[in-house]
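All residue numbers in this chain count up from 1 along the given sequence. When reading the values below, keep in mind they use all heavy atoms of this one structure, side chains included, and skip hydrogens, waters and symmetry mates. For ligands, and for the atoms within them, numbers begin at 1 and follow the listed sequence.
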Amino acid sequence: MDAKDTDRTEAGPGKDFIRTIIDGDIRNNKNEGKVHTRFPPEPNGYLHIGHAKSICLNFNIAADYQGQCNLRFDDTNPSKEEQEYVESIQEDVRWLGFDWADRKFYASDYFEQLYVFAEQLIKDGKAFVCDLAPEQMREYRGTLTEAGTDSPNRDRSVEENLDLFQRMRAGEFPDGSRTLRAKIDMASPNLNMRDPVLYRILRATHHRTGDDWCIYPMYDFTHCLSDALERITHSICTLEFEDHRPLYDWVLDQLPVPAHPQQIEFARLNLGYTVMSKRMLQHLVNDGRVSGWDDPRMPTLAGLRRRGYTPEAIREFCDRIGVAKRDSMVDIALLEHCIREDLNKRAPRYMAVLRPLRVVIENYPDEQVEELDAINNPEDSDAGTRKVPFSKVLYIERDDFMEDPPKKFFRMAPGREVRLRYAYFITCVDVVKDEATGEVVELRCTYDPETKGGDAPDGRKVKATLHWVSAEKALPAEVRLYDRLFDRENPCAKDVGAFTDCINPHSLDTLADCRVEPALGDAGPGAAVQFERLGYFCPDVKDSKQDRLVFNRTVTLRDAWAKIQKQQKK
Ligand code: ATP
Ligand code: MG
């Protein structure tokens with residue numbers, strides 16, 4: 001079933017449930033009919049394809065309703081956050097095609113204001129300084145079935161609380177020794193409402209505020225107030241925050257804020273054969289399981305970009321998966337389908353031989369080189385043609401030859417005639433082997449000069465068309481074939497142990513001795529190309545150089561998604 005069709009049913013055709021809510025708000029003139037969203041990443045890692053779903057949702061909703069979308073860094077956890085991430089996030093959002101104009105904010109911009117709000121809660125008797133150590137706090141918290149116990153400090157006077165909180169800020173107490181907590185209800189069935197911590201003491205240098213602060217506000221206190229200060233109308237977040245919504249609303253109800261945004265939760269994107277948590281991705285990077293955040297096997301936007309994914313394909317994917325209220329696993333074949341569809345339209349075709357097998361055309365003149373016409377893109381009539389050099393010694397794909405072929409193998413074999421794409425019919429007349437190993441090292445062939453361009457005037461047919469390159473003119477290249485990073489759909493499933501146990505050992509296959517057609521020497525870094533019969537590739541942005549070409553395989557040509565859909569239609 002198409003993911004789009006299933007996920008949209010919650011809202012009726014064409015509209016997801018969030019847009020349906022917004023339509024209602026506009027009808028009721030809530031927020032004076034305005035729509036203002038935000039994308040609020042924590043700068044503790046690179047963005048991944050799951051974030052792309054959130055980015056597309058927030059920015060597209062703003063655009064659909066002539067509203068605005070802010071970029072806000074949720075930077076309340078100085079020990080994990082870094083400037084490098086702040087920069088990569090901006091690069092990735094821009095690359096995806098979205099623009100926050102002058103609305104880039106940081107939760108840390110509000111630290112002073114948040115502190116004032118916290119003092120206000122204390123003055124109103126709604127927050128207190130608690131001396132419980134973290135382990136004790138956990139014991140007092142209770143469980144899902146048992147109520148918690150009030151902190152012994154819960155009834156401190158306002159004066160004492162204010163004094164202690166000010167001294168927390170002044171740095172008089174060690175890290176972790178005290179917290180500021182909301183005074184709500186230790187018996188609430190919702191654990192988040194059991195006097196949650198609002199501030200903690202933490203001596204860590206913040207990437208923006210340096211050592212100005214030794215107390216930091218917690219996410220639940222910061223996020224809702226940041227939303228309110230920015231006059232966000234619809235605060236869209238993932239499902240795990242559903243249980244935090246009462247706290248979100250509680251904080252805003254207690255304080256004189258300029259707006260009370262509505263929190264709406266949607267299901268996060270889970271994609272098969274990969275992991276999406278930044279903690280896990282960080283682990284892969286730190287452990288050297290991948291070459292970095294931008295390793296082309298990573299589900300990060302930086303990794304996908306380096307692999308050759310286009311922003312258009314990722315946006316199309318996000319559109320097709322839609323927005324649902326229930327968690328689900330999206331088939332990675334759909335993502336691959338989207339990039340194939342996009343590249344099929346725009347990627348010029350070339351010939352490249354990944355595992356070269358030498359072919360000598362015995363009856364072709366030794367020094368002759370012909371420039372043959374090749375079509376750049378059959379899907380794009382404006383893309384024109386190019387010249388491909390043909391000469392006496394060629395390379396074909398090792399896989400395209402079998403000495404003793406089974407019945408259904410129609411490609412090259414001894415005595416057989418096949419077509420070389422855009423060139424001639426050739427016939428294999430002899431096979432040269434390495435005497436020691438018995439390995440086939442060369443095919444001796446003849447060509448039919450009458451078949452130039454790929455057709456025989458006598459109408460005779462061949463069963464295979466092979467790609468090839470001229471041995472003399474082709475450029476050497478390294479080609480990196482990527483496969484799924486994990487060997488099972490859900491690496492985080494309960495029965496698999498550590499997620500790193502199911503890393504696919506064959507996720508990267510580096511072919512160091514490939515040959516590509518000379519025109520590929522001019523392909524700019526990152527430019528998408530199709531290697532005929534093999535897949536879509538792009539020059540690696542980091543490693544490909546004029547004198548040493550390196551290509552990444554973006555995706556193969558086999559479209560598993562189209563096949564699944566065809567079967568379902570039957
Ligand atoms: P992670 O679990 O990967 O660390 P996170 O939620 O902690 O993710 P944030 O930087 O806080 O990462 O996320 C920024 C925004 O992106 C949030 O609104 C979050 O809900 C959303 N988001 C994160 N992961 C996904 C996902 N897999 N699908 C959809 N939205 C996501
Ligand atoms: Mg988060």
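Here the shortest heavy-atom distance to atom 26 (C) of ligand 1, taken over G50, C318, S235, belongs to G50. Comparing E240, R279, H51, R72 against atom 22 (N) of ligand 1, the shortest heavy-atom distance belongs to H51. If you check each of H48, M280, K278 against atom 10 (O) of ligand 1, the one with the closest non-hydrogen atom is K278.
In summary, the atoms of ligand 1 found under 4.0 Å from a heavy atom of F266, numbered by their order in the structure, are 29 (C), 30 (N). Close contacts of ligand 1 with P41, meaning ligand atoms under 4.0 Å from a residue heavy atom, involve 10 (O), 14 (C). When each atom of ligand 1 is checked for a heavy atom of E42 under 4.0 Å away, the hits are 9 (P), 10 (O), 11 (O). Close contacts of ligand 1 with T238, meaning ligand atoms under 4.0 Å from a residue heavy atom, involve 19 (C), 20 (O), 29 (C), 30 (N), 31 (C). Near P40, the atoms of ligand 1 lying under 4.0 angstrom from a non-hydrogen atom of the residue are 14 (C), 18 (O).
Contact check on R169 versus E112 returns a salt bridge, with a Lys/Arg side-chain nitrogen under 4.0 Å from an Asp/Glu carboxylate oxygen. Contact check on D99 versus R94 returns no salt bridge, with no Lys/Arg side-chain nitrogen under 4.0 Å from an Asp/Glu carboxylate oxygen.
Cation-pi contact between R178 and F173: present, with separation from the ring centre below 6.0 Å and deviation from the ring axis of at most 45°. Geometrically, K325 engages F17 in a cation-pi contact, judged by NZ or CZ lying under 6.0 Å from the ring centre and within 45° of the ring axis.
The ring-ring contact (aromatic ring centres under 6.0 Å, His included) test with Y115 singles out one residue from F221, F165, Y110, and that residue is F165.
Remark: K80 NZ is loosely packed, at most 12 non-hydrogen atoms of other residues, nucleotides or ligands lying under 6.0 Å away.
Considering backbone and side-chain atoms together, M276 places an N or O closer than 3.5 Å to an N or O of ligand 1. Considering backbone and side-chain atoms together, L269 places an N or O closer than 3.5 Å to an N or O of ligand 1.
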Task: Test side chain to side chain donor-acceptor pair (under 3.5 Å) applied to Y536 and Q530, step by step - done: CA-CA 4 Å; Y536 295 99; Q530 187 194 95; 3.2 Å; yes

